[in-house]
Amino acid sequence: MKTVIRLENVSKSYFLGSVEVPALKSANLEIHSGEFTAVIGASGSGKSTLLNLIGCIDDPTSGRVWLENTDVLSLSDDKKSDLRNQKIGFIFQSFNLVPVLSVFENVELPLLINPLISPKDRRARVKEAINDVGLEKLAGNRPDQLSGGQRQRVAIARALAGQPILVLADEPTANLDSETSIKIIELMLNLNAKKGITFLFSTHDDRVMNRVSRIVHIKDGVVSA
């Protein structure tokens, strides 16, 4: 099975004044293509730190992070940004949609900074992603005209439009009611099954934990898969 992400003895510490606070301790982890994986742990356990390192948003204090065959730490900030934009999709619990843009424009936004995608291909990708999440009839609507579940569907479409090798989701059901949460989980499961999209997300939600194929535990910065 193809390895998408590999962490080798990764540690991350932060400083509060002169006090060093370890957030992640010698983590070793592999995420494979097509997996549907949840990272679970208490608040402050290191879940967000782990996702930020995997998403190339932050650098480890020590250790190596590999995205496919690329050593992320060997890249300049610009190259790392390009890699993140072209290879990783992000879903946030607060949706992070631009209120003045339509559904179509919100999904299209990350693709505008990718010079490898032509305008024709960009429009096709956006339409496909919006169709995949069932919002084709709402493509012209703004976020304030959508429900919470529909906004999260837009966020999922935006993550998919770049055709990433990995989608990272930070508590994707945290701001949704129970019925909507189940629908969002089912949507992601269907995308995983039908298109082989690799999902990795942090969660406290038992409904998510019960549906994933793999669970990664993290406690006090220590990862166990």
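Since the model is a prediction, treat every value here as computed from it, not as a measurement.
A salt bridge does not link E108 with R125: none of the charged nitrogens is closer than 4.0 Å to a carboxylate oxygen. With respect to the salt-bridge test (charged N to carboxylate O, under 4.0 angstrom), the residues E35 and R214 qualify.
In this structure, the side-chain contact (heavy atoms from CB on, under 4.5 Å) partners of L97, at least two apart in sequence or on a different chain, are F95, N106, P143, R151, V154, R158. Legend: residues meeting side-chain hydrogen bond (donor to acceptor under 3.5 Å, both in side chains) with K87, ordered by chain and number and at least two apart, are E68. Remark: F36 pairs with F199, F201 by the ring pair (Phe, Tyr, Trp, His ring centres under 6.0 Å) rule, at least two apart or across chains. Applying the side-chain hydrogen bond (donor to acceptor under 3.5 Å, both in side chains) rule to D132 yields the partners K195; only residues at least two apart in sequence or on another chain are considered. Listed by chain and number, the residues in a side-chain hydrogen bond (donor to acceptor under 3.5 Å, both in side chains) with S102 are E105 (sequence neighbours excluded). With sequence neighbours excluded, no residue forms a side-chain hydrogen bond (donor to acceptor under 3.5 Å, both in side chains) with H217.
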Identify each donor-acceptor pair in which a side-chain atom of residues 161-176 lies under 3.5 Å from a protein atom, sequence neighbours left out, and give them as a table.
from : atom 1 : to   : atom 2 : distance (Å)
D170 : OD1    : S202 : OG     : 2.9
E171 : OE1    : H204 : N      : 3.2
E171 : OE2    : H204 : ND1    : 2.6
T173 : OG1    : D205 : OD2    : 2.8
N175 : ND2    : Q93  : O      : 2.8

Under 3.5 Å, side-chain donor or acceptor atoms of residues 17-29 against the rest of the protein: list the pairs with distances, not counting sequence neighbours.
from : atom 1 : to   : atom 2 : distance (Å)
E20  : OE2    : S13  : OG     : 3.1
K25  : NZ     : D220 : O      : 3.3
N28  : OD1    : N9   : N      : 2.8
N28  : ND2    : N9   : OD1    : 3.1

So I113 and N85, side chain to side chain contact (heavy atoms under 4.5 Å, CB included) or not? Walk me through it. CA-CA 8 Å; I113 60 175; N85 180 258; 3.6 Å; yes

Using the rule given for side chain to side chain contact (heavy atoms under 4.5 Å, CB included), can you reason through H32 versus V4, listing the C-alpha separation, both sets of side-chain angles and the distance that settles it, and then say yes or no? CA-CA 5 Å; H32 301 112; V4 174; 5.9 Å; no

Should I5 and E30 be marked as a side chain to side chain contact (heavy atoms under 4.5 Å, CB included) after you check the CA-CA gap, both sets of side-chain angles, and the distance that decides it? CA-CA 6 Å; I5 281 285; E30 286 192 6; over 6 Å; no

V10 vs L53, side chain to side chain contact (heavy atoms under 4.5 Å, CB included): CA-CA, chis, key distance, verdict: CA-CA 9 Å; V10 169; L53 293 171; 3.7 Å; yes

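In the displayed structure, R142 atom CZ is contacted under 6.0 Å by at most 12 heavy atoms of other residues, nucleotides or ligands. Atom CG of N69 has 12 or fewer neighbouring heavy atoms from other residues, nucleotides or ligands inside a 6.0 Å radius. Remark: K80 NZ is packed, more than 12 non-hydrogen atoms of other residues, nucleotides or ligands lying under 6.0 Å away.
Checking S94 against N96 by side-chain atom types alone, a donor-acceptor pair falls below 3.5 Å. Under the 3.5 Å distance criterion, with hydrogens and angles disregarded, a donor-acceptor pair is assigned to the side chains of D177 and T180.
Distance check: E136 CD to F104 CZ gives 13.0 Å after rounding to the nearest 0.5 Å. For the atom pair L51 CG and I218 CD1, the distance stands at 9.0 Å (nearest 0.5 Å). L75 contributes atom CG, which lies 9.0 Å from atom CG of L67 (distance to the nearest 0.5 angstrom). Once rounded to the nearest 0.5 Å, the distance linking CG of L73 with CH2 of W66 reads 9.5 Å. With rounding to the nearest 0.5 Å, the separation of CZ in R211 from CD1 in I185 is 7.5 Å. Note that CD1 of I130 and CG of L138 are 9.5 Å apart. Values are rounded to the nearest 0.5 Å.
There is no path of hydrophobic side-chain contacts, each under 4.5 Å, that joins I215 to V222. Cluster membership check: L160 shares its hydrophobic cluster with L187, using side-chain heavy-atom separations under 4.5 Å among Ile, Leu, Val, Met, Phe, Trp and Tyr.
Side-chain contact between V107 and L135 is absent, with no heavy atoms from C-beta onward closer than 4.5 Å.
Here the side chain of K12 pairs a donor or acceptor atom with the backbone of D59 at under 3.5 angstrom. With hydrogens and angles ignored, the 3.5 Å screen pairs a side-chain donor or acceptor of R153 with a backbone N or O of V133. A donor-acceptor pair under 3.5 Å links the side-chain atoms of K47 to the main chain of G41, judged by distance alone. In this structure a side-chain-to-backbone donor-acceptor pair under 3.5 Å is present from N192 to I197. S81 contributes no side-chain N or O that, together with a main-chain N or O of D78, makes up a donor-acceptor pair within less than 3.5 Å. One N or O on the side chain of N190 and one on the backbone of E186 form a donor-acceptor pair closer than 3.5 Å.
Among residues at least two apart or in separate chains, there is no ring pair (Phe, Tyr, Trp, His ring centres under 6.0 Å) pair with a member in residues 152-177. The ring pair (Phe, Tyr, Trp, His ring centres under 6.0 Å) contacts involving residues 107-137 comprise nothing, where partners must be two or more places apart or lie in separate chains. The side chain to side chain donor-acceptor pair (under 3.5 Å) analysis of residues 111-120, with sequence neighbours excluded, yields no pairs.
When all heavy atoms of I54 and I88 are compared, the pair lying nearest together is O-CD1, 3.7 Å. In plain terms, the two heavy atoms of Q145 and N141 that are nearest each other are OE1-CA, 3.4 Å.
Cluster partners of V100, using a side-chain heavy-atom cutoff of under 4.5 Å among ILVMFWY residues and allowing indirect links, are V98, L101, L109, L112.
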